Each structure stands twice: as structure tokens, then as C-alpha cells.
Undergrad: 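My structure is below; once you've seen it, I'll send some questions.
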Amino acid sequence: MEKYTAMLLSLVMVLVLLSGCGGSKTDGESASSGQVTTFTMNSTTPNATFDTPIGKIITEKTGVKFDYMTVVGGSDEATQKYDVWLASGDFPDVLAFSPASMAKYRDAGAIIPLEDLIDQYGPNIKKKFGKFYDLLRDPDGHIYSIFAPNLVEKIPDIQASFVVQYAVLKEAGYPEIKTLDQLHTILKDYVKKHPKLDGQDVIPFSSPDPARTYLNAPIAAQGQPDHGEFIIDKDQNVHLAATEPLTKDFYKFLNNLNKEGMLDKELFSLTWESFSAKAAQGRILSGFVPQWIMGGIENSLTAAGKFDQLYAKFPIHIQDGIEDHVNTITPTNSTNNWSITNKVKNPEKIIQFIDYFFTDKGQELTRWGIEGKHFEKVDGKRAVKPEYAKERAENPTVDAQEGYGSYSWFTFGNGSKLEDGDWATPVNPDTVEQLYNPATKEVLAKYGKQVWADFLPAPEYIPAYTWQLNAPSEYKGLWKKIEQVLYRGAPRVILAENDAQFESSWNELVTQLDQAGQKKAEDLWTKTWKNYLETYNKAVQSK
Amino acid sequence: MQQTVQIPPHTVKKTQTQRKSWIRRLGGQYQLVLLSIPFVLLVILFNYVPLWGWLAAFQDYKPFKGVTGSEFVGLANFKVLFADPHFLVVLRNTLVMSGMSLVTGFVGAITLALFLNEIQVRWFKRIVQTVTYIPHFVSMVVIANIVLMFLSPDGGFINNLLMNLGWIDKPIYFMGKGEWFWVIHTITGLWKELGWSTIIYLAVLAGINSELYEAAAVDGASRLRKMLHISIPGLMPTATLLLIMSVGSLINTGYESQMLLGNPLVIDYSEVLDLYALSVSFGGGDYSVGVALSMFKGFVSIMLVVIVNFIARKLSDTRLF
Amino acid sequence: MNPRRSVPDVTFQLLNYVLLFILGFATLYPFWNLLAISFNDSLDTMRGQVYFWPNEFTLNNYAIIFQNDSLLGAALRSIARTVIGTVLSVGCTTMLAYTLSRREYLLRKPINVILVVSMYVNGGLIPIYMLIKDLGLTNTFAVYIIPGLIGVFNVIIMRSYFDQLPEALVESARIDGASDIGVLFRIIIPCSLPVLATVTLFVAVGHWNSWFDNYLYNSKDSLSLLQYELMKIMTKSTSEVTSNAQAALNHETLRQTSPQSIRATMTIIVTFPILFVYPFLQKYFIQGITVGAVKE
């Protein structure tokens, strides 16, 4: 008896294996019902669906819907999946991914050129990109991917990344903090009077993670736009920000804070979680905190009623007289680029689909929702319906159920306008202020401002951020070395115990960066940047 | 050394009859063959067949070109790995940390199994055993955050305790001291996995013939004696096997714990091979370098296993293969 | 049990209880803490001051996870995978391990070498994917079961356990005329319940917790597993934090859950079934069995 059971089991296994081989595999071929064409597409948003009120309207208008293949986890997992797809040919009909992944597919010939299709089926795409249309082209002259244009006139919700607690400002009589020295003095005075909050030590200055402290913060403190690890000078030469003299001054500021016990004691071993905890307890007085990390913290503070521990956002500079260029706008948002793979038989449908989002109707539907249900229009001005706003407040998942904001791949951006003259999105200069709480309005009133963006100069158009461009291939290896040096070296400079040590650590850092190939990295990037500028100027002037 | 000249059987030229008799003998074992060969084939299919992918280690592999079309670059990918001045430090960290984890985990699990085995109150034994294995299911992110919070110089439990006891007058920045990292990493790992790795030993202890204990009890043996003379010898074969297998994995540490607990101040102590590979292959973007590392690790592991297996064979009866 | 208790024995016992109690407390804490966090308001959790009990009790975190329609189906599939996968895998592993414990088996040595080496070599993601695809296993349930059918580690653990069983047991069965398969079922398996329970646990937990094969090979929702669905919710909550400027601005109203709370709640949801099933296996390796009983 057992004999047969065992043999059977081992045979069954072999059979299962074989049947697996022959198992029929229904391919992702589009199941067309009526006039609707279904394409497959990757999605980094889990459980994305067209089965929502807004999604259904989009399908109705365009005759297209998508079957999503979800890509979860971090960017590593995503890259793995895209590589595996490419190697096996299992990729979906449409892919939206980073320019780097797109390049791999382009080199493999897996995605098709789109310019002829756009000429024929994408009049609105062309129209909205306007003079920037040629920026979509790769060096070979073809267009392989489409992404959102940036038609923003004024970024309504931009804010500087240096933050200071309202309590600190109140104590100091609401000065407008412009330099790090000023901040230092104000913090020092405040800590002397209020060393503790709820029985725990306050932390005068902190930042959520190491790279933000030594890489991003000094660039912002020099008033430079976010070019990743770089600063671009007036002659359009690219420099590594880390060795700029002003960066040294910034490190010195942190070093002085540290010597006086005013720098977060665990600045370099903080995680977002532990940083958020301290900030949400209200203990962090000031710091360099990007907007998207700030959001949750301020929600938590507000929920606890700690309005004095909310933060003002100032562009603080290393020294007086630095001009701020943080408020920048680039012509495109090339980060999530749509490409059509060579599997698709009717790519014109996809172009038409995309084209729909370049119309007022498409924009309205994806960002404002359905008229009468999600928003209403009075005197040509759109506003979120109070009923819907209330529903969202009570049920955080209602947006997903409605599809509200779920299809905004091609949004023109907050602060851009539709052809009818109204704002394209609900987050616009008219509404931002309404989202602030009374405490914030009060603080802003002391400075005679309405929104945090008012502390920044008027938006400035720049051709691109360096991180939007394809890095020169040799640079990757160099950056690995440079990053290693910075990661180890910069904290040593900042935490140096005395001036002599500070100087020697700084010099060591500079030497090591030089050995790691700083010069070459800068040259490579200067070349890439200038090449891009040339393309850019040509593209813009030809119109 | 003893010199007994022994010709390995396979070098002897087999005569027809010998071969025939071997096949016949195997035929007699057809049941064993049936119970093993299908599964061995399965292992070969899923573990050995994909090894053609190792070719990518010698290429500038591009997914769409495959190993047949990608450019051959010789040992360049290995050079990327080994040429870096950090490589030796990274190798040292890897071996030290996995060595520490191996020894503490090994001794800890056996000790815990033995101690649990001594508990007579059954519900207590069951509860403790259950509770100790739970951290295995808690993700490293959570564990690391608890450790960081616990050791924080800014109001962390340990520093508060030491300050209140008056043992220190200034908080210690545990996570900022390179020399502490190995210890913290080891204790964290022990905390998370100790109970889980005890399960095997408990099973082996449960399988020891209870007559042995009864006989010892009649002889008036103390608990300690029974432990030393029955339980520990009973555990040894399994323990040895597990030890050999983990020595093989010495170089294969993973990187999660080091990445989550590490920071710029201790990177020279915390960076391990897998973490390093992630950075030199640009977060996994350079596929070939990843394969080269995986190949390197495979060879080192197999070498280690063969050596340790050889030693174990000399010292005891147990062997892995 | 033993009427004569010496002083060192009693001291040892006492110490043992105290030590194990402390250890138990230390290892329970992370899970207990997650339990508290899962029932705590996410904005309060952010402040990092939840230790043993929720500060602001809420069921919101669970509500957010459970409102996912796909969860129930995924959970059922996960159970199916775990049950089918474990039964097949433990069965096959036992058979293979048994053959390797037979000293007279002629292929013992080469098979051992093949198995051990296979633990340490890895051809990389792409070749394995291509293999799975060529076998037609992508987008099938079988891909969850077949590639991992034989866990070499488990084979070796079992083999070692079988090796330790008294050879006399097998011999006496042989004299009674039992075949190899007969010996396996009548003698070896009944005597090896502790190690079978252990391997069953390892395999079952492995199946229950895995999501990467689901992610890589099966993109259809109809084959999606619980861990993967939870992984998606986690990804979503992380990306909401980083990308949703609107949420960041709505201070007063939006009380969404945070990645931290989702992670805690997820851990509780997936770990509870294991804790529930565990005692049924635990009794086999905590209490032990008497080999003598089988011998009679």
C-alpha cells in the first residue's frame, strides 16, 4: 500500500511538472468588447484600475483602458522586473518608467518611435509642448516616450526647505531669518530659556537623513536649484557642490552647532521614522526638511494641538546677499515616461488616448473630477464641492474609489492654467491659503505674507535639472567613488571636535574627492549639460 | 601522517562484470532510485540549469542581447569588485560579523534548547518557546528601529538608565562608534533569530530515546550529568551538520540588518559584501557585477564547506557529504 | 517526577525559569509593540511614544487594509499554497532524505554532493526567470509549488535525524520482509514526528511568507497571494507619503494611516495565523515521542 502511495506521489510530481510545461497560457491579448481596446501596462500604483466613475468616463471618451501589471517594492525591484521583462520579451503593451529604464528598452528596439504617430494623432500633445516639443526627441531624432509638460506659471505650494518652529519665532519677535548666523543666534537664545519640552531636551537643529544634511542642505543654503549633487555656475559649468567654499561654510555652521551641543546628537544615524518621531513630539526647533517629509509631521503636530511647534519655511542662506534660485520650473517633467512597445498593433489608439489628456476636458477630469459631483464651476472658476471635500476628510479612500487624481499622469502641474483661463488643478494659488490652519495664517500675517511661497523670489525657468538628463555612462562609476568619499568624509568634517580637526578633515575630504575623479566627473557633466543646452536652445528657437 | 596507499575506486579500470554487477545492484535498489532520482532531477533543473547565467559575469550583459549577444569583457566585472581599496575592509567585516553571528547563534540556540528541555512545567515551556521564536516574523526594519530607539543618545532607554544609575554623566552614542557596531549587529541578530533556530534542536532532543534518561535517572545522575552525557551527545550530529552548512554561508550575510543599523560614522565596520555589491552595481542596475559577486560567493562557500566537512569527518563521524 | 532533588538541581531550575522568563519578555516585546501600534492612531504612532498599549485606540489601520476587496481571495490562495505546497514538499523531502539515510544506497554519495553544492550556487535572476518561462510556469499556480519542492536544507536535517534512529529498528523490519518503502512508512516516519513537524513548520512558514515569486512570475490578480497584496498596500502607503502634496497640505482633516502603522498591522495579520497553527506542530517537538513504543 505505502509502496504505491509513495511511487504515486513521486510520479504525480513529475506529472505536475510536465503539465505545467504544457499548461495553456492565456496571453495578455486585448479582450476587446465593443469599441473599447484594452492594453496591458505596468503600474507602480498597486490596485490601479479603470473601474471607477472617472476611469469609466475616460474609457468612454477614449475607447481605451488598461490592464495593469503591478510593479511593487522599491526601485530595485522595479528595475529587476523591467530587466526580466526585457530579457524574456514578456513586457506589456505600454510602459511608464524612468528615462534610464526607457533607454534600455530603446537600445533593445523594444519600443517604437512615436513622432509620426504624434503628427497624425496627437495634435494637442504638440500644441501643449509648444516650443518645447523637440525636447521630447532623443539624440537620434526620434521620440520614444511622452511625459507631462510643465505649464506651471507659479508653483502654489512650493516652500523653502529650511524650517523653524513658530515657538522660536514668537520668542524672537518674528524676525525674518535670512542667514545661518541669524538662525544660530536665535536658536541659542531660545534654548537658553526653554531647554526642555514636555520633560525632554529640545533639539535646535536636525535633518532627516545623512545625504540631506551634507549634500542637499548646503546647496539650498547657497540658494542653488536642486541639481542633485551639483551646482551650475554662470558660465554653465557644472561643479560638485561638496567642495564649494560656501559648502565649507555650511559645514562650519553645523560644526559650531555641534560643539555647542545644539546639533542633533544622532544626526547621522537618524531614520525618517526616528526623525519624524522627534519632530512630531515638537522637540526639533529647526532643520533642513523637504516638504514631503514635513507633511506627516505637521499633521501629527496639528492632531496633538501643538500649533506652536509647527514650522515656518524660510530660504535661509549661508551669508547675506545670496540670491535665491530654489523656485525653479523646468519645461518638462521627465521622470515617468510613457513608451509604446513593439507588441502593439494599433499604437494610434494609445496616442489618441494620451492626446485626450492634453485637452482641457482631459485635464479637468483627471485633476478636478466630474462636474457636479466632485467640483462645481461658478463664474468660470472651478472649486472642489464642499460635500466632496467633507467626504474625503472622513474617508481617506474615497479618492481611490472615485478615481479622483488616479489618472493624472499628464497633469500640467499645480499652478498651471487651462485654456479657459482657470487653474488646471485644485491646488493653485487661490486655494493653497485655505488649506493652512489659523496658527499658520497668524504667523504668515506677522510677516505680511499669504503663503510660504511668498518668501521665495518669483519662479525662474531653467532648461532642466541635471538629474532629469541621462547621466554620461562613465559618470556612474565615478559617482560611486565620490559618493563613498562624501558619505564617509562629510560627517567627519561636520562632527570635528576642534577647528584644527575641522580643517584637516575638510582638506582630506577635498583631496579624496580629487583622487576619486572629481575633475573628470565635472568635465563629463559640463559637456553633457552644454550639449543639452545646445539642443534646448535649438529646440526653443526653432519655434 | 599515516600513509596507507589506497587507490580510489573510480580510478581502477572497471571490468565488464564489475560494471554489470554495479548496475544489477542498483537495480536491486530500484525503490530507492525511484524515491530519489525524480527529486534530484528537479534540484538539477532549478539549481544547476540556470547556471548558464554565470556567463554574464564575463560580459557587459544587456538583457535584450542575452548571453549570446552581449559583449565579452573578460574579468572586468571581477576587477570592479576586487580592485576597490574598500574590498578588503568589506571582506573583513563580512567574515567577522557572520563569524560572530555564527558562534553566538550556534551556542545560543543549543543552550536555549537544552534549558527549555529542562523545564518541567509544560505550559511555561510551550509559552516561552513560542514567544522566543516570534521575532523571526517581525521585519528587520521594525527590529532595527527598536534597537536605534533603545540605544539613542537622545532619550534612549539604555542611556537614560545608565544616567539615572549615575554610571555615566553624558549619553553614549552607541550607533556612532564603529567598534560597537559588530556587537550591536550580533545581539540584534541573536534577539531576532535565536528562538527560531532553537526549533531544530528541540526536535532532535525530543527524538532522543527516553529510555536513556530513565536509565540515567535510575543510576542517580544529576540533571547536569544527563545534559552532558545524553542531551549534548544526542545533539551533536545535527549541530555539526548545521555548523558546516552555516560555515558555507559565512560569506553570504545578506545586507538588510547592516543597511538599517549602519550609518556614515560606522560604515568602515558595517559595510558587508552584499551591501557593497549593491553600491558597486548601482543598486543592482549593473547585472553583470551582481552575477560576478554571486559566482565568487558560490566558489568561496563551496571551498569553505569542503574544508569544514573534511575537518568534521576527521574529528567525528558526521559529514555533510 | 524525580523525588530526590539536590540543591544544585533546584537552584539551576530556579535560575532557568528566571532566565527564560526574561528572554521571553525581551523577545515578545517587538511583537507586542507592533500589536499596540496596529491599534493606535497613526498620527500618534508617528510621535514614537507607543510602547505596550495604544495611546489612541483605533481600528482604522485594520479598516484600511481590510477594505481591499482582493484580500480575501488572496488569503484563500495563500492558504491553498501553504497546504498543498507543504504537503507535497514535506512528502518529497522525506522520501529523498530517507534514501540518503540508507547506507547501502549506491547513489548516496553523488546525490549528497549534488544537493550540498546546489545550496551555494545561484545562476541569477534572469536565467531562472527564463527557465520558469520556458517551462510554461509563469502565470500558473504551480510556480508556487514546483521550483521549491525540494528544500536541500530540510533534506539534510531529516537525513541526519533518520541517521540517528537505531539501525536495529530497520533491521527487524527487514527480517519481517519489509521493502524500502515499507520501512519508510512503517518505521521511519512514525519514529520521526519531531523532525517532520519541524520541517513542516519551516516549509509552511516559507510558503506563507513568500511574495517574490508571486511578484516575478504571476502578474494576474487571480493568482495573487496575501503577502503580495499586503506588499502592494505597503507600497501604496509609502508612495502616498512621498508624492501626495495635497495630503501634505490638508492638515486638519486627512487622517490617513502611515507606512509605519500599515507595516505593524500587516505583520500582525500575517503572523497571527502562524501563532494559531503553531501549537498543533509544537506538541511534537516539545513533548517528544518514545521510540520504544514503536518498536513493540
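This is a predicted model, so every value here is computed, not measured. Letters go in sequence order (proteins before strands), and every chain restarts at 1.
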Undergrad: Parallel, tilted or perpendicular: which fits the ring planes of C:Tyr217 and C:Tyr129, with parallel below 30° and perpendicular above 60°?
TA: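 Aromatic pair C:Tyr217/C:Tyr129 classed parallel.
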Undergrad: Do you know which of B:Pro237, B:Ala56, B:Gly195 has the most heavy-atom pairs under 4.5 Å to chain C?
TA: B:Pro237
Undergrad: With a 4.5 angstrom heavy-atom cut-off, is it the side chain or the backbone of C:Leu34 that approaches chain B, or both, or neither?
TA: side chain
Undergrad: Need one label for C:Ser118: side chain, backbone, both or neither, based on atoms under 4.5 Å from any heavy atom in chain B.
TA: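 Both backbone and side chain.
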Undergrad: Report which part of B:Phe299 has an atom under 4.5 Å of a heavy atom belonging to chain C: side chain, backbone, both, or neither.
TA: neither
Undergrad: Heavy-atom distances under 4.5 Å only: say whether C:Ile157 touches chain B with side chain, backbone, both or neither.
TA: side chain
Undergrad: In terms of heavy-atom pairs under 4.5 Å, which option from C:Thr94, C:Ile156, C:Val152 contacts chain B the most?
TA: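 The candidate making the most pairs under 4.5 Å is C:Ile156.
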Undergrad: At a heavy-atom separation under 4.5 Å, does C:Leu19 approach chain B through its side chain, its backbone, both, or neither?
TA: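 Side chain only.
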Undergrad: With only heavy atoms counted, which part of C:Arg108 is less than 4.5 Å from chain B, the side chain, the backbone, both or neither?
TA: neither
Undergrad: Please classify the contact of B:Leu112 with chain C as side chain, backbone, both or neither, using a heavy-atom distance under 4.5 Å.
TA: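 Side chain only.
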Undergrad: Name the region of C:Asn33, side chain, backbone, both or neither, that has any atom closer than 4.5 Å to a heavy atom of chain B.
TA: side chain
Undergrad: Under a 4.5 Å heavy-atom cut-off, does chain B meet the side chain of C:Val116, its backbone, both or neither?
TA: side chain
Undergrad: Relative to chain B, which segment of C:Met266 carries a heavy atom at a distance below 4.5 Å: side chain, backbone, both, or neither?
TA: neither
Undergrad: Checking heavy atoms, do the side chain of C:Leu131, its backbone, both or neither come under 4.5 Å from chain B?
TA: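 Contact with chain B: side chain only.
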Undergrad: Could you tell me which non-hydrogen atom of C:Asp180 sits nearest to which non-hydrogen atom of C:Tyr98, and how far apart they are?
TA: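 It is O-OH, 2.9 Å.
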Undergrad: Measure distances from C:Leu96 to the heavy atoms of chain B and classify the residue's part below 4.5 Å as side chain, backbone, both or neither.
TA: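 Interface part for C:Leu96: both.
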Undergrad: Evaluate the ring planes of B:Trp196 and B:His136, with Trp represented by its six-membered ring, and classify them as parallel (under 30°), tilted (30 to 60°) or perpendicular (over 60°).
TA: parallel
Undergrad: For chain B, which of C:Gly148, C:Gly24, C:Ser160 has the most heavy-atom pairs under 4.5 Å?
TA: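 Most pairs with chain B among the choices: C:Ser160.
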Undergrad: Side chain, backbone, both or neither: which part of C:Ile37 has a heavy atom under 4.5 Å from chain B?
TA: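 Neither; nothing under 4.5 Å.
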Undergrad: Please classify the contact between B:Val121 and chain C as side chain, backbone, both or neither, with a heavy-atom cut-off of under 4.5 Å.
TA: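 Contact with chain C is through both the backbone and side chain of B:Val121.
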Undergrad: Report the option among B:Val33, B:Ile302, B:Ile251 that has the most heavy-atom pairs separated by less than 4.5 Å from atoms of chain C.
TA: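 It is B:Val33.
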Undergrad: Please classify the contact between C:Gln260 and chain B as side chain, backbone, both or neither, with a heavy-atom cut-off of under 4.5 Å.
TA: neither
